[in-house]
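Predicted model only: the values in this text are computed from it and were never measured.
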Amino acid sequence: FRLSTLDYITMSDDKIFAAMSAHFVFDGNCKEAYDWYIKAFDAEANGDIHKQPNSEKIMHASIALPQLEKNKTHCFLMLHDCFSGGEFEDARDRPPTALGGCSVTIHLSFGGWEELDAFFAKAVENGAKETMAVKDQFWGDRYGEFQDPFGYRWGGSSE
């Protein structure tokens, strides 16, 4: 299938979701992660933060990453803390730090090397750990990877 730049759903006046979004889980530090992604990625809040019933833990938050020039689309992240107790508890609902790492790399395609390099530099400057330096790769793309402070892996490329 192919997603066009118009493949998004407007949920309300203040929330927009892409046709596909990642949903990140945290262990009580969702608000800290939310703030980190906004600062390190120049992301924007996408609607209100909702707390779990009778708790300070976050049930739902959403942020929008800046529009990528290559495909003129937005990337959205949904975030929440692990649910503990009650009808929403699920043993599979754990962050990478509780699982010994993340088995998925979130990949972003950038319009040019300047956009890619700036994104990675800002993430590392704000505490991400570079796991593969951004450089021209043998397959023709400029590519690199980092792990954010919450255990999620990110990769990015430009042609």
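Each of Leu77, Asn46, Ile106 was compared with Leu65 under the side chain to side chain contact (heavy atoms under 4.5 Å, CB included) criterion, and only Leu77 meets it.
When the side chains of ILVMFWY residues are joined at heavy-atom separations under 4.5 Å, either directly or via intervening members, Phe110 and Trp113 end up in two distinct hydrophobic clusters. When hydrophobic clusters are built by joining Ile, Leu, Val, Met, Phe, Trp and Tyr residues whose side-chain heavy atoms come closer than 4.5 Å, directly or via intermediates, Phe138 is grouped together with Met132. With hydrophobic clusters built from ILVMFWY side chains whose heavy atoms lie under 4.5 angstrom apart, Phe146 shares a cluster with Ile38.
The two residues Met59 and Pro53 have their closest heavy-atom pair at CE-CD, 4.0 Å. Residues Ala40 and Lys122 come closest through the heavy atom pair O-CG, 3.3 Å. Here the closest heavy-atom approach between residue Pro149 and residue Gly127 is recorded as CG-O, 3.7 Å. Across every non-hydrogen atom of Pro95 and Val25, the tightest pair is CB-O, 3.1 Å.
Atom CG of Leu116 is separated from atom OH of Tyr143 by 10.0 Å, given to the nearest 0.5 angstrom. Here the CD atom belonging to Gln147 is positioned 9.5 Å from the OG1 atom belonging to Thr105, to the nearest 0.5 angstrom. Interatomic distance, Phe150 CZ to Asn29 CG, rounded to the nearest 0.5 Å: 5.5 Å. Once rounded to the nearest 0.5 Å, the distance linking OG of Ser157 with CD of Glu145 reads 10.5 Å. Atoms CD1 and NE2, from Ile49 and His80 in turn, are 14.5 Å apart once rounded to the nearest 0.5 Å. Taking CZ of Arg142 as the start and CD of Glu115 as the end, the distance is 13.0 Å to the nearest 0.5 Å.
Counting heavy atoms of neighbouring residues, nucleotides and ligands inside a 6.0 Å radius, atom CD of Glu114 exceeds 12 of them.
Between Phe26 and Leu79, the closest side-chain pair of non-hydrogen atoms falls below 4.5 Å. Residues Pro96 and Tyr152 have side chains in contact (heavy-atom distance under 4.5 Å, counting atoms from C-beta outward). Considering only heavy atoms from C-beta on, Asp81 stays 4.5 Å or farther from Asp27 through its side chain.
In this structure, His23 and His60 have perpendicular ring planes: the angle between them is above 60°, well past the 30° mark.
Trp36 and Asn126 are not linked by any side-chain donor-acceptor pair at a separation below 3.5 angstrom, with hydrogens and angles left out of the test. Looking only at atom types and distance, the side chain of Tyr37 has a donor-acceptor partner in the side chain of Asp148 under 3.5 Å away.
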*Can you list the steps and then say if Phe24 with Tyr34 is a ring-ring contact (aromatic ring centres under 6.0 Å, His included)?*
CA-CA 10 Å; Phe24 287 16; Tyr34 177 89; over 10 Å; no
*Run the side chain to side chain contact (heavy atoms under 4.5 Å, CB included) check on Leu108 and Phe41 step by step: do they pass?*
CA-CA 12 Å; Leu108 302 172; Phe41 294 172; over 6 Å; no
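A salt bridge links Asp35 with Lys31: at least one charged nitrogen is closer than 4.0 Å to a carboxylate oxygen.
Between the Glu125 side chain and the Phe120 main chain, no donor and acceptor come within less than 3.5 Å of each other.
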